[in-house]
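All residue numbers refer to positions in the sequence shown, counting from 1. All heavy atoms count here, side chains included; hydrogens, waters and symmetry mates do not.
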Amino acid sequence: MSHHPFSSFLKRAAWLLACGLLLALTGCAQNYVVLLPDDDGSLGKVQVSGPGGITLLDQKNQGTVIGDAEKRSFTVSDFKLKEDFGAALAASPGKPVRYVLYFAAGNAALAAASQTDIDKIRADLRSRAGADMSVIGHTDTKGDAQANYELGLVRAKTVAALIGSTELSSERVSIESHGEKTLLIATPGDTDEPRNRRVEVIVR
């Protein structure tokens, strides 16, 4: 059976973007694509080009046959989605998760309320195949900017050490500091703000 060249492109394209999830089924009697909503329910638009022109997909579970000369679209039932794409959806990597951990003023002591997040991060890493992690330290604007950069780096390294080297190999961990440059809460200089004293951990 011959395939339209567009099908080989779609076979490689599994979009996890703001427009939602675009899935392509190839290698069967009818090669088709279907648009699914993102985790938060948002849904954008996708244009599928073929010999007959362009078919617009902008509805939940809306699909179209690849290479359909009549530019038709149809709704794919949840049962059909599971039947055709269940394995692909189960194997798709989890979306990045962002954790925010807070610190005491002027040091790298993790706030008590953030201690439980360490276990959550460890569990998240264990649940992902080939996971990687970014650890970014931040401070408030109290004190000197260079000292705050160094404090942010110490905080990031402290969190990475608490998570533990057994969870992730070193080449899959990025550690950096933004110091007082990336404030969560905008403040004037030399201002004590607990919500800016933080480390952000992004697990992918």
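Annotation: side chain to side chain contact (heavy atoms under 4.5 Å, CB included) contacts of Glu176 (sequence neighbours excluded): Ile136, Ser174, His178. Ile185 pairs by the side chain to side chain contact (heavy atoms under 4.5 Å, CB included) definition with Thr187, Glu193, Arg195, Asn196, not counting sequence neighbours.
Looking at heavy atoms from C-beta onward, Arg197 lies in side-chain contact with Arg155 at the 4.5 angstrom threshold. Residues Ile121 and Met133 have side chains in contact (heavy-atom distance under 4.5 Å, counting atoms from C-beta outward). Contact annotation: the side chain of Phe85 never approaches that of Leu36 to less than 4.5 Å [non-hydrogen atoms, C-beta and beyond]. Taking 4.5 Å as the limit, some side-chain heavy atom of Asp124 sits within range of a side-chain heavy atom of Tyr99. In this structure, His138 and Leu184 have side chains that are not in contact, with every pair of non-hydrogen atoms separated by 4.5 Å or more.
Shown here for Pro37 and Lys60, the closest heavy-atom pair between the two residues is CD-CG, 3.7 Å. The two residues Tyr102 and Ser114 make their nearest non-hydrogen contact at N-OG, 2.9 Å.
For the atom pair CG (Asn61) and OG (Ser73), the distance works out to 12.0 Å, reported to the nearest 0.5 Å. Taking CD1 of Ile118 as the reference point, atom CD1 of Ile163 lies at 5.0 Å (rounded to 0.5 Å). Note that CD of Gln62 is 7.5 Å distant from CG of Leu35, once rounded to the nearest 0.5 Å. Note: Asp140 CG to Thr191 OG1 = 8.0 Å, rounded to the nearest 0.5 Å.
Between the side chain of Ser177 and the backbone N or O of Glu150 there is no donor-acceptor pair closer than 3.5 Å. With hydrogens and angles disregarded, a donor-acceptor distance shorter than 3.5 Å links the side chain of Thr64 to the backbone of Arg72.
Put simply, Leu56 and Tyr32 are part of two different groups of oily side chains (I, L, V, M, F, W, Y) that touch within less than 4.5 Å, one to the next. Hydrophobic clustering, with ILVMFWY side chains joined whenever heavy atoms are under 4.5 angstrom apart, keeps Val135 apart from Ile202. Under a hydrophobic clustering in which Ile, Leu, Val, Met, Phe, Trp and Tyr are joined whenever their side-chain heavy atoms come within less than 4.5 Å, directly or via other members, Leu125 and Val173 fall into the same cluster. By the rule that hydrophobic residues join a cluster once side-chain heavy atoms approach within less than 4.5 Å of another member, Phe103 and Ile175 end up as members of one cluster. A single hydrophobic cluster is not seen to contain both Leu151 and Leu153; linkage of ILVMFWY side chains at heavy-atom distances under 4.5 Å, directly or through other members, places them apart.
A side-chain donor-acceptor contact under 3.5 Å links Ser134 and Arg204.
Between Leu110 and the choices Asp117, Val199, Leu162, the side-chain contact (heavy atoms from CB on, under 4.5 Å) rule is met once, by Leu162. The one candidate from Asn148, Thr139, Thr141 that meets the side chain to side chain donor-acceptor pair (under 3.5 Å) condition with Glu180 is Asn148.
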